[in-house]
Each structure stands twice: as C-alpha cells, then as structure tokens.
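Heavy-atom basis, side chains included; hydrogens, waters and symmetry copies ignored. Predicted, not measured: the structure shown is a model, and the values here were computed from it.
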Amino acid sequence: MLKTERQISLKDIDNTIVSAHAFRESSSSLLLLNTFGKTSHGTSEIYLIDLDSLRIVLRRSFAGRVDVQVLGDAICCASSTEEILCVFRNNGVKEIKIKKSPLVLVVGCGAVFLKQAKSVAKMNKDLTGFETVWNLERDDVKDFVVLGDSKKLLVLYSNGTCCLVGQKSVQKINSMASPWHSVSSVPPHGIMLVDAAGSVYYCEYRKGKIRVSAKPCPLPFLVDKVVALQSGFDCFFSSDGTMLGMMPHVSLSDNKTCDNFIFESNQGDCCITESPPRLYIVRKETKEITIKILDLDRFADVVDGLIQSKLFDTALHLVRRQKPIMHSLETKVVFNLAYSQICDDKDYENGMLNLSIACGDDTVKMLHVFEFLLPASLRWKPTSDNVRAVAIDCISEREQLSNALLPYLWSHRSRILSSPDPSAAVKTMIDTAILNCLLIMSDNTATGSVLQFLQRRDNNVDYESSRVALQKRGLYSELLQLYNIQGHHSTAMELIKKLSLDPEKVIPRPAGTSAELKGQPGAWAAVKYLSSIVNPEISLVKYHCRWMMSLDPDATVTMFQHLYPSIPTKVAVSILSQDGSLLYSAQYLEEILQIKEMDLGENSTSVWDDRHILAELYLQMLANNKTSANLLDKLTHLLDSYAHTLDLNKLRRLLSEGQYSHDAMVLVLEKLKQHKKALEILIVDLEDPAKAERYCRRVGDKNVFVDLLKVALKSQQANSNVLQILSRNISPDLVIQTLACVPDRMGIHECNEYITASIWTLKEHQKKLYMMKHLAKGKLQTICNTRMQEQCRKHIVSGERMCPMCQKQLGASAHVCSNNQLYHYSCFTRIK
C-alpha cells in the first residue's frame, strides 16, 4: 500500500484545465495549473499550489489565453492580449514589458524563447531580458519550435506553411498534408504537426533535415494542438482547450501509436505529470478540481496508487516503461483491471480476456477468483496475495459471467488433460467448476449441456458437491449419469425405480427429461442404465428385474441382449423366470440365439448349449400348456433343424420326470428313432390312429407300419383302425411281414379289408412288373433297329466335302459319321 496519500480540492472553478506542471523551488514542491474559461470574455487563471503545505501560493488572472512555460524553478506566463511577460520565481513576480503582437512563448534547449514582431528573442539566464537571435522578416508567425542545439527553428506561419529557418537559410517543408494548423516539440528529436483538418503527423529532425510521416496518426478525434510533457506523454487538445486524450510518445517508425492511449476525456481532465518522487493526478469534475498526490518511495507504490484510482491503463504504461519490464507488477495491474471490469463494469468478455492474461496457465489462480463455482473442500488459496474472489449474487449476472468464463475453462481443461502428468486435484477442480457453470445457465436442460458433459468418461467432477447441486435442481437424469461415472449403480437404480413407480414422492420434483420417466419410459431408462455398466453385478440385475418386468417385459428382455459382458444364459433365464413365467425366457433365448449364430456360427458350443436350454424351456412350457400349437411348432422346428446338436436322451429323461406333453415326447422319441415307443403313446395313450398314420408317413420308413401293427395287436386296441391304415399305406414289400403278424384268432371279417388290399397290392405290383418287362423289351428292339440302320448307311467322301466343325476338307484323314454328318475324328472327339 502507499505510505501517504493526500488530496487537494479547488471548488467553484468554471475554467477548463489547459495544462499542469510539477516542479521544485528550493525545498518546496509546487504544482502549477493553467486554466482557461469558456465564456465570451476568455479569462485565464493561474494557480500555484504548495504541495507540502497544501495551500495555494499564487492565484493570478489574465485576459485571454495564457501560454505557460516552466524552466527550472521559474514560471513564464504570457497572455495573448496583454503586453506583459510575467516571471514567477522565488515567490516573487517580475513583469517584463513586451510588444503586443501574436505572442508565441516556447521553451527549448534549456532556454525560453519569445516571438515578437519579426524576430525571435531568447531570454537571458537570469530571466530579466531578451536578446535577439533570429530575424524572420515576416510578422505572420503563428508558432515555432527550437530544434537541435538552438541553431534552427521550425516556424509555422499564419497561412499554414511550415519552414525550417536557420541563421542564413529558409527551407519550406513540403508535404501533402499542408496547410498546417499547429506545431509542437517532442524531446529529444521529435516534432508533431497538426494540419487544418485536425490530423496529427509525426516528424523527426536529424542531421539538419526534417522527415514527415506519409500518413497521419489515426486518432479517434480531431486535434487542435498537441502538448508534449517531460514525463513522456503527448496531450491532445481541442480548439476550446478541452483535453481530448493522452498517450505515451513513440517514434515516427512506430505503427501502433494509437493503441497506447492511457487517458481519454471530454470534461477537460488534465494530464498526469511526474515529479520524482511523487505522482500528481489532476482531475476536473463539474466545478471542482481535485489534485491527488501519491508518494513514490517505491515504484510498486506508484502502481498500487494507480490501481486504487482505477487508472489501470496508466499503471500498465508506467510498468511497461521500466527496463526490464516488471512482469509481476504487470500481472498485478492486469488482474485488478480484470477484477474491476468483472465486478464493477460488468464487462465480462473483456474482463475474462484480461484475467486469462493475468493468470496464464495457472488454473488454480483463475478458479480461486471464481470460488463460488467450487465447494469449500476444493478452494485452494494461491500463493499470491493479489488474487481476490469475485462476489456476484445476481442470477442473471452470474449467468452472463458463466457464459464468458466457460470458453476459458474448457481451454484450461484441454491443456490439463493433454499434459503428461496432470494433477488429480486440479482436474477435479476444473471439471467441478465447468459443471457448476453449466448449471448456472438457464437453458441447460433444453440444450442438454450438463448431461453431455457428465457423459464424458474423462470427467472428474467432485461427487458429493455435484450430487447435491444436481439433486437440488431436480436434474435426476444428469444425477443418474453422475452415479454411473462414480460407480454408485445401486443408488442409481433405486432412484430410477422411484421415478418410474412413484415420482410424486421424489423431492425435489423431477425437472427436464427425468420428469417423463413414469411407467414404461422408466423401465427403458433402467435398461439403458444397466446396459451401460461394464460387468454389472448379477445381484443388482436380479433385484431390479422384477419391477422392470412388470412395467415393460419386452424392454427387460432386450436389456439382457446388451449387457457387457453378457451374463451366462442360464443365469439370465433364471432371472427372467423368477416370476414363474417362461415365455420371456424363451423369447430372450430365441433372440440371443440369432445373434450368436451370426457372430459365432451354428456349430459353436455356446450355441448348442443355448439351443438345449431353449428346448428344455419349450418342454416345460408344453407341460403347462399342452394344447399350444405355436409352442409345438417351435419345438418341432428346433428338433427338425438341430436335433444333432441336442442331448435328446436328457430331454427324454426330463419329460419322463415331469408331467410331460405326449406330443413333445413323440417328437423326442422320433428323433431318437424309438418309433415303437412313440407309436405306443399315439395308439395306447392318445388313442389317435390318425396321428399315428401321420407319424408313420412323416418318418418315411415302411417298416414303421409293421411296428404300428405290432403295437396295435399287442395292446388289443384299435386293431381294425390300424388295419385300415395299413390297407391305405401297404406296399408289396410289407405284405408278407404284416400278414405274418396277424394272429390266428383274428376273424376273417376283421381283416377282410386288409387282406383284400394286400392281394390287390400284390396284383398291381405284378402288373407293374409285367408292364416294365415289355417296355424294356420294346426299348431294346428299337435300339437294335437304329444300330442296324446306321451300319447300313453309306457316305461318299469327295475331295470337296467339308467338315462342319472346322470347315476344312475331309481329305484322307480319319473321319466319323454322326447324325448323317461326316466329321474329322479329331473334331468329333473335341465335341464329345
């Protein structure tokens, strides 16, 4: 902090400050203020203030505008309307009579120069008189500056021309910008010219020549006059004496002149004047002039004072003028500038830009500024005492700040994650801050920004604070994603259960997408959550599967297909069957088998095992619903297509142990080729000869009909019906076998139809054999006749006869006759 800070106020001052000059006289520090009134009378007042005793030493009024120049401990004041030059020195005033003329008072090369009539006079060392130096031969001099070692002048005439005047020579300054309006000197070699349009041109005087810039400095205002201060600042004034702005002087070759403004005003505020070891800040507000005095025992105190006065641009300029640049102080100024822009001006965009410059890559430092985005456990105090936390309570302002802050937080996050060894604590801090920023945004539920951020697998948000923040806002969908990332799956599933079954009891009330999870959407949300877990606990799936099945069984079945890694099929079937229903277990197996067959192939062991489990499920379901045609068709298809992959004996034992379905047992026995036992079920248990007949035809083995007859005769049931079946399906091969099985006790009337059919079958078979014999004999005769005709056919081979294949003469080569055509033997064999 500053050691001392004093302030002087001059009230009831209507005049505008023209210039301020700080200097020392003996042991006193003095400040001279030159003010000019804007009234029609145009009265100027000079104030000389003793800064040690804080009193006004001298106050003098002049008619018209006053030109003030300070040389050492002397003050020279000349009015534009009075014929007096006042010299204030040693608390005394000396008046020198001068000729009334367009007065120009200039200090240069350690002396005071005055233009009178057609000459320029130089004041002697004791400031009591003048001696003529130059004769100008013209009386229309408007202004001039002393160049170099007082051997030449740059003179501005009333007609706007500007000439370089020496003792014996006059050289006109040629430029596209003339006519000129004003000229001023900038130590050590600079000159500034203002043209009639108010544009400023920088010039340099070196080796007796003046070089004018080709283009004007692109100032944001039109200038009447420029005053260069010893402190290194250029002050720009308007025609009414108002100071328009101030900037540090730069050389002619600098292209960034207008980017260095440290002060702008439209109320006549004066410049900053340095007088070591103090800094004087002079300001004009309404009718009061305030002079602030800052002691400069250390350069850091200067910066602190400017920061307290919120003159950040001035402080930056002074810091950057130091060689070498004091980067710590520069960072301090930029940080306080950013803090002021954010907290006072609400200029969040520029404030964040400057804050990012001040903080650089120090993420912890930036986050400490916005500690309201972090829980107390993550608030680290940086090593620098200059960092302060912002306090913004207005919700809309926080949202604007968050909108400006987010891009910088994302940038820091990318840099941290790309570093070779990022700190886990810093990653947690930056991710938690980003999450809280997104929560502040009013449109976060509409855009889904919070959910998208939490879905990132690389996020490291603080669990407890994030959970409280999300739950407080009712963002349960986002909270579920947080649980997923942190591994709290049991808590997440309990929350989904509440939102699905009884959302009215959830406090706070759900917001966003979580408000729509009641009923089937909740079951789908649970499916999606469990499917996203890597290696889910079977106990968790089993516990929540029951209520999910009650809301949407199809969704629950789908879930088991997408679990990764997939749980064993038997476990999935047992979970789906825990309510006693086997339908969805079979549905799951049917769908999972299609997937596995495409991925692993039909001959995979896993596929074979799943098929066997599916077959067992079908058998169990048929035991409960013995008349289901759809189930029976499915089992038939499974056994027909994949019987070689199933353990049929195990299926048979399973059927034998329980209340099996006869149809199912018949299907299994058929694949085991135990046709006799299958026919026993059909004839004895079911007493359905029609099914038995279809069974025999489906098998396609004629010997099965013999088994059918044996079963029927053994059971002494449906003999007549069985004999009717045999009569419809009898074949000559089975006549002897079936007749041998007919018992002697059976009456002729019972087997009359069967015997008649057998005799008719044998006769038809005999006729068929006889017919086939004569057809074969006629075919043989036809072949013999054709062969004889071919052998008797003769062909004349002349020299002109051509082979139809190669279109060449047959000649004496070997040839073949086919279809009444002659071919070369080689061509004919190639055809064959």
Sub-4.5 Å side-chain heavy-atom contact between Cys76 and Val87:
yes

Using every non-hydrogen atom in the two residues, find where Cys203 and Val212 come nearest and quote the distance to one decimal.
SG-CG2, 3.8 Å

Side chain to side chain donor-acceptor pair (under 3.5 Å) with Asp345: which residues, sequence neighbours excluded?
none

Shortest non-hydrogen contact from Ala214 to Tyr201?
O-CE2, 4.1 Å

Identify the heavy atoms of Lys172 and Cys163 that sit nearest to each other, and give their distance.
CA-SG, 4.0 Å

Compare all side-chain heavy atoms of Val334 with those of Leu316 and state whether any distance is below 4.5 angstrom.
yes

Reported CG-to-OG distance for the pair Leu193 and Ser199, which is rounded to 0.5 angstrom
12.0 Å

Indicate the atoms forming the closest heavy-atom contact of Leu153 with Phe144, along with that distance.
CD2-CD1, 4.1 Å

Step by step, work out the side-chain contact (heavy atoms from CB on, under 4.5 Å) result for Val145 and Tyr205.
CA-CA 11 Å; Val145 295; Tyr205 174 71; over 6 Å; no

Can you check whether Arg398's main-chain N or O pairs, donor with acceptor, with Ser402's side chain at less than 3.5 Å?
yes

Check for a donor-acceptor pair, side chain of Asn336 on one end and backbone N or O of Lys332 on the other, with a separation under 3.5 Å.
yes

Show your reasoning for whether side-chain contact (heavy atoms from CB on, under 4.5 Å) applies to Ile210 and Leu147.
CA-CA 10 Å; Ile210 290 181; Leu147 302 176; 4.0 Å; yes

SG-CD distance between Cys394 and Glu399, expressed to the nearest 0.5 angstrom
10.0 Å

Tell me whether Ser340 contacts the main-chain N or O of Leu337 through its side chain, where contact means a donor paired with an acceptor under 3.5 Å.
no

Starting at CG of Asp140, measure out to OG1 of Thr161 and round the result to the nearest 0.5 Å.
7.0 Å

Provide the closest heavy-atom pair for Leu154 versus Cys162 in the form atom of the first, atom of the second, distance.
CD1-SG, 3.6 Å

d(Asp195 CG, Ser182 OG) to nearest 0.5 Å is 9.0 Å

Across all chains, not counting sequence neighbours, the salt bridge (Lys or Arg N to Asp or Glu O under 4.0 Å) partners of Lys215 are none

Quick check: do Val194 and Lys225 have side-chain heavy atoms less than 4.5 Å from each other?
no

For a 4.5 angstrom cut-off between non-hydrogen side-chain atoms, does Tyr157 reach Lys142?
no

NZ/Lys209 to CD1/Ile173 distance, rounded to the nearest 0.5 angstrom?
11.5 Å

Begin from the C-alpha positions of Tyr408 and Leu353 and carry the test side-chain contact (heavy atoms from CB on, under 4.5 Å) through to its verdict.
CA-CA 9 Å; Tyr408 296 94; Leu353 178 62; 3.8 Å; yes

Take Tyr348 and Asn403 through the test side-chain contact (heavy atoms from CB on, under 4.5 Å) and record every step on the way to the result.
CA-CA 9 Å; Tyr348 302 117; Asn403 195 29; over 6 Å; no

Roughly how far, to the nearest 0.5 Å, is the CG atom of Leu405 from the CD1 atom of Ile342?
8.0 Å

Smallest heavy-atom separation, Thr331 atom then Ala358 atom, equals CG2-O, 3.2 Å

Within-4.5 Å side-chain heavy-atom neighbours: Leu367 and Leu373
no

